[in-house]
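Ligands are counted one by one from 1 in listed order, and the atoms in each one are counted from 1 as well.
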Amino acid sequence: MSEGVKIIKVIDSHTAGEPTRVVVSGAPDNPGATPTEWREFLRNEHDWLRTAVACEPRGHEAMVGAFLCEPTQPNSVAGVVFFNNIGYLHGCIHGTIGVTATLAHLGRLAAGDNKIETPTGIVTVRAPEEGWVTVQNVRSYRHAAAVPVEVPGWGTVHGDVAWGGNWFFLIEAGDMIAVDFSNLDRLTDFTCAVRKALEANGITGEDGGEIDHIEVFGPPANDEADSKNFVLCPGNQYDRSPCGTGTSAKIACLLADKKLAPREIWRQESIVGSVFQASGEFVDGQVIAGEPVCTPSIRGTAYITSDSEMVLQDDDPFRDGIS
Ligand code: PYC
């Protein structure tokens with residue numbers, strides 16, 4: 001490597017339209033750290049890695065980065081920390097599907113089931129079968145049903161607060177707003193207003209968990225899907241995929257309301273028309289705040305789009321990205 005130059009190897013993919021950039025090498029050392037410890041180490045001491053990879057000029061607002069680390073458990077294949085243009089995510093299922101396709105591309109995945117460590121817990125991924133990857137997510141549940149919030153310019157909006165690896169506010173669009181690609185600006189304005197209103201009114205997930213993802217549901221355009229969604233992500237960008245953690249939160253609500261049976265398939269269409277297949281199973285007898293706990297499974301496809309090296313030159317004023 002030349003002096004004054006740092007090389008970071010990344011593999012890009014998209015899962016149902018949503019990008020994932022996996023950092024394969026070029027990160028600082030932190031031997032033996034778990035994904036949660038890695039996340040704090042990166043956040044506090046090496047945030048340049050996130051900004052260089054996810055922010056402009058190398059990244060963009062919709063980019064989700066995934067930092068691959070050594071597993072700490074003997075039966076896991078890898079650990080992962082997810083991040084984006086504004087910070088670090090708890091979990092990310094489109095990203096986990098992208099990581100799985102990337103590990104397969106690198107020849108680092110066994111056939112069948114593999115375990116990946118994340119800050120939210122261990123997820124089980126099934127090696128791609130004809131391009132389809134299945135992820136068994138962490139336990140998911142609804143925290144509160146039909147919560148009213150006054151949204152300036154929109155009136156009283158009701159939504160469910162649920163955990164699917166991130167905190168979500170899930171809203172049925174009804175006649176309020178069209179869940180359609182042609183309506184992206186209005187959907188973004190609406191969901192940003194809802195997120196601000198939740199914050200202003202102190203509405204959170206369990207233990208004060210910030211609700212940083214807002215999900216709106218409408219009728220599907222695809223005959224084979226059950227519903228279409230728009231998901232606002234923390235960096236004010238929308239998820240191009242149906243959002244795996246958001247679909248997990250939806251499954252938890254559907255199971256709790258008995259609108260879906262255990263193991264029944266739910267097909268969630270995204271705002272760009274891609275589809276995840278999802279299902280859930282109750283976790284024996286487990287209840288949080290009176291709501292049943294479930295384990296969702298999400299199935300989707302990912303494609304590798306680039307296998308490259310990023311060059312960080314010390315004399316580049318935007319070496320670490322624009323943030
Ligand atoms: O698929 O879980 C997901 C996700 C979270 C943020 C963007 N995608």
>> Under 3.5 Å between any N/O of His94 and any N/O of ligand 1: does that happen in this structure?
In response: yes

> Who gets closest to atom 4 (C) of ligand 1 by heavy atom: Cys92, Ala16, Pro242?
Replying inline: Cys92

> Any idea how Phe168 and His213 line up, ring-wise: parallel (<30°), tilted (30 to 60°), or perpendicular (>60°)?
Replying inline: tilted

> For the residue pair Pro19 and Ala62, what are the closest heavy atoms and their distance?
Replying inline: CG-O, 3.6 Å

> Tell me, do His143 and Ile288 make a side-chain contact under 4.5 Å, heavy atoms counted?
Replying inline: no

>> So for ligand 1, is Glu18 a polar contact partner (N or O within less than 3.5 Å, distance only)?
In response: no

> Which heavy atom of the protein is the closest neighbour of atom 6 (C) of ligand 1, given with residue, atom name and distance?
Replying inline: His213 NE2, 3.7 Å

> Is a side-chain donor-acceptor pair under 3.5 Å present for Thr120 with Thr118?
Replying inline: yes

> Do any nitrogen or oxygen atoms of Asp239 lie less than 3.5 angstrom from nitrogen or oxygen atoms of ligand 1?
Replying inline: yes

>> If the cut-off is 4.0 Å to any non-hydrogen atom of Gly244, which atoms of ligand 1 fall inside it?
In response: 1 (O), 2 (O), 3 (C)

> Counting heavy atoms not belonging to Lys196, are there more than 12 under 6.0 Å from its NZ?
Replying inline: no

